[in-house]
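Working notes for the structure below.
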Amino acid sequence: FERLHRVPDFPRELSFVGEGSVLSLSGERRLALQARGLEAARVEVSRVRPNQLNHLVSQSGGRFKDPDFHNWSFGPDNVSEAFEEVLALRLEDPAKSQYAALDLGRYLAAEGPRGLFFLRAEGWDPLARRPTGPEDRRLVLVTDLGLLVKEAADGSREVFVMSLKDGGPAEGAAVEVLGKNGAPLFTRVTGPDGRAAFPALTGYQRGREPVAITARLGSDLSFIPFAWSDRRLELSRFDVGGESGTGAAGGLKAFLFSDRGVYRPGEEARFGRIVKGGDWSRPPAGVPLEVSA
């Protein structure tokens, strides 16, 4: 019995390295590409115009690093300026990975905060000047401003702006709640703690619905979508069971927790206690606390 088996070629691969979508403005501002079995990669760089940020967020959704546009006729070309370049790769062994670096620093506009890019990389035949298969996409923000947004029970929001360069709070940053029509609903300037407070952002309509929270410091720009689901804390990683609600405004609540759920006989068990007011306004200092086991 005979059979001829044909060994397939190594698959061609191309992808951006890593899962993140933020590059530090104070770093090298380079994004790595990983490839296999390719002679070159063509990269399309679409630099989002800063006055089009509201359209980018309102017309797309999904994941921050790879947003999906709701309308097939609306895409990166509607909100950005396009560039392209070809990165040469060393095709020596099709079984080995190849690497190249895309320098985004050369695409940063000097006249304003222009550090948000749509990137599309595809395999490229430099002689025939045509695509050769695999591709990858990524939305990348080049900034030194990190944003953290916390929503309170009454709908108000606290925005914390930090420097990605040194990890400290960013003082003097202009934080705006951007409406769907591009006009800011509120503007605040961060203090020494890098914090800006906003009231409840509900009831807005007719083009004034909030779509993003932006922060500007000098020529630097950062933003976070207002309602995209992937920007929210993933609660499935935590135990969120137990009593719900904030309790009476004038009362206190006590909670007991341990360092783990199961102990062997003779082991030391450690317990912690939390006492808080129902509306967080009444300090529990001086209140007697009785613990019984």
_R260 with E267: basic N within carboxylate O range, under 4.0 Å_ = yes
*Do the non-hydrogen side-chain atoms of T190 and V159 ever get within less than 4.5 Å of each other?*
no
*Nearest heavy-atom pair of F223 and L116: which atoms, and what distance?*
CE2-CD2, 3.6 Å
_As a quick check of understanding, evaluate side chain to side chain contact (heavy atoms under 4.5 Å, CB included) for L53 and T214, giving each step before the final call._
CA-CA 9 Å; L53 192 58; T214 67; 3.6 Å; yes
*asked:* Could you check whether atom CG of D9 has more than 12 heavy atoms from other residues, nucleotides or ligands sitting under 6.0 Å from it?
replied: no
*Please say whether more than 12 non-hydrogen atoms of neighbouring residues, nucleotides or ligands are located less than 6.0 Å from CD in E28.*
no
*Same hydrophobic cluster for L256 and I274, using side-chain heavy-atom links shorter than 4.5 Å among ILVMFWY?*
no
*S24 vs D144, side chain to side chain contact (heavy atoms under 4.5 Å, CB included): CA-CA, chis, key distance, verdict*: CA-CA 5 Å; S24 175; D144 254 340; 2.8 Å; yes
_Where at least one partner belongs to residues 80-100, residue pairs that pass ring-ring contact (aromatic ring centres under 6.0 Å, His included), sequence neighbours excluded_ = F83-Y107
*Using atom types as modelled and distance alone, determine if a side-chain donor or acceptor of Q98 lies under 3.5 Å from a backbone N or O of R90.*
yes
*Heavy atoms only: give me the nearest P126-A40 pair and the separation to one decimal.*
CD-CB, 4.2 Å
*Measure up the H55 and F74 rings against each other and bin them: parallel (under 30°), tilted (30 to 60°), perpendicular (over 60°).*
perpendicular
*Which heavy atom in L14 sits nearest to a heavy atom in A35, and how many Å separate them?*
CD1-CB, 3.8 Å
*Taking a hydrophobic cluster as the set of Ile, Leu, Val, Met, Phe, Trp and Tyr residues connected by side-chain heavy atoms closer than 4.5 Å, whether directly or through intermediates, do V149 and F226 fall within one such cluster?*
yes
*asked:* Is any side-chain heavy atom of R12 closer than 4.5 Å to one of R36?
replied: no
_R137 with E122: basic N within carboxylate O range, under 4.0 Å_ = no
*Supply the atom-to-atom distance Q34 CD to E13 CD, rounded to the nearest 0.5 angstrom.*
7.0 Å
*asked:* Nearest 0.5 angstrom please: R130 CZ to R42 CZ, how far?
replied: 12.5 Å
*Look up atom CG in L87 and atom CD in E39, then write down how far apart they are to the nearest 0.5 Å.*
14.0 Å
*Which atom of S58 lies closest to which atom of H70, heavy atoms considered*: O-CD2, 3.6 Å
*Report yes if some heavy atom in the side chain of N54 is under 4.5 Å from a heavy atom in the side chain of K180; otherwise report no.*
no
_Trace of the side chain to side chain contact (heavy atoms under 4.5 Å, CB included) decision for V161 with L148_ = CA-CA 7 Å; V161 187; L148 175 65; over 6 Å; no
*Do F160 and I213 share a hydrophobic cluster, counting only Ile, Leu, Val, Met, Phe, Trp and Tyr and linking them when any side-chain heavy atoms are less than 4.5 Å apart?*
no
_Just so I know, are the side chains of L23 and V140 near enough to count as touching, which here means a heavy-atom distance under 4.5 Å?_
yes
*Hey, could you give me each pair passing salt bridge (Lys or Arg N to Asp or Glu O under 4.0 Å) that has a residue in residues 161-175? Not counting sequence neighbours.*
none
*asked:* Quick check: do R106 and E85 have side-chain heavy atoms less than 4.5 Å from each other?
replied: yes
*How about S21 and L139: do any of their side-chain heavy atoms sit closer than 4.5 Å?*
no
*asked:* Membership question, hydrophobic clusters at under 4.5 Å side-chain separation (ILVMFWY): are V22 and V48 in the same one?
replied: no
*Could you tell me the separation between the CZ atom of R138 and the CZ atom of F117, rounded to the nearest 0.5 Å?*
14.5 Å
*Do we see a donor-acceptor contact under 3.5 Å between the side chains of S46 and D77?*
no
*Do the side chain of E44 and the main chain of L119 share a donor and acceptor less than 3.5 angstrom apart?*
no
*Distance-only, no hydrogens or angles: does the D66 side chain make a donor-acceptor pair with backbone N or O of R63 under 3.5 Å?*
no
*Does the side chain of S15 pick up a donor-acceptor pair with the side chain of D136 at under 3.5 Å?*
no
*Is there a donor-acceptor contact under 3.5 Å linking the side chains of T143 and D220?*
yes
*Report yes or no: does S80 contribute a side-chain atom to a donor-acceptor pair with the main-chain N or O of P76 at less than 3.5 Å?*
yes
*Which atom pair, heavy atoms only, marks the closest approach of A269 to Y263?*
CA-CE2, 3.6 Å
*Kindly compute the distance separating OG (S219) from CG (L108), expressed to the nearest 0.5 Å.*
9.0 Å
_Over all atoms of both residues, closest heavy-atom pair of F118 and L56_ = CZ-CD1, 3.3 Å
*Walk me through it: do F64 and I224 pass the test side chain to side chain contact (heavy atoms under 4.5 Å, CB included)?*
CA-CA 9 Å; F64 186 89; I224 186 170; 6.0 Å; no
*How long is the span from the CG atom in L145 to the OG atom in S163, to the nearest 0.5 Å?*
7.5 Å
*Is L141 reachable from M162 through a run of I, L, V, M, F, W or Y residues, each pair having side-chain heavy atoms under 4.5 Å apart?*
no
_Contact check, side chains of L178 and P210, non-hydrogen atoms, under 4.5 Å_ = no
*asked:* Does anything in residues 119-148 form a ring-ring contact (aromatic ring centres under 6.0 Å, His included)? List the pairs, not counting sequence neighbours.
replied: none
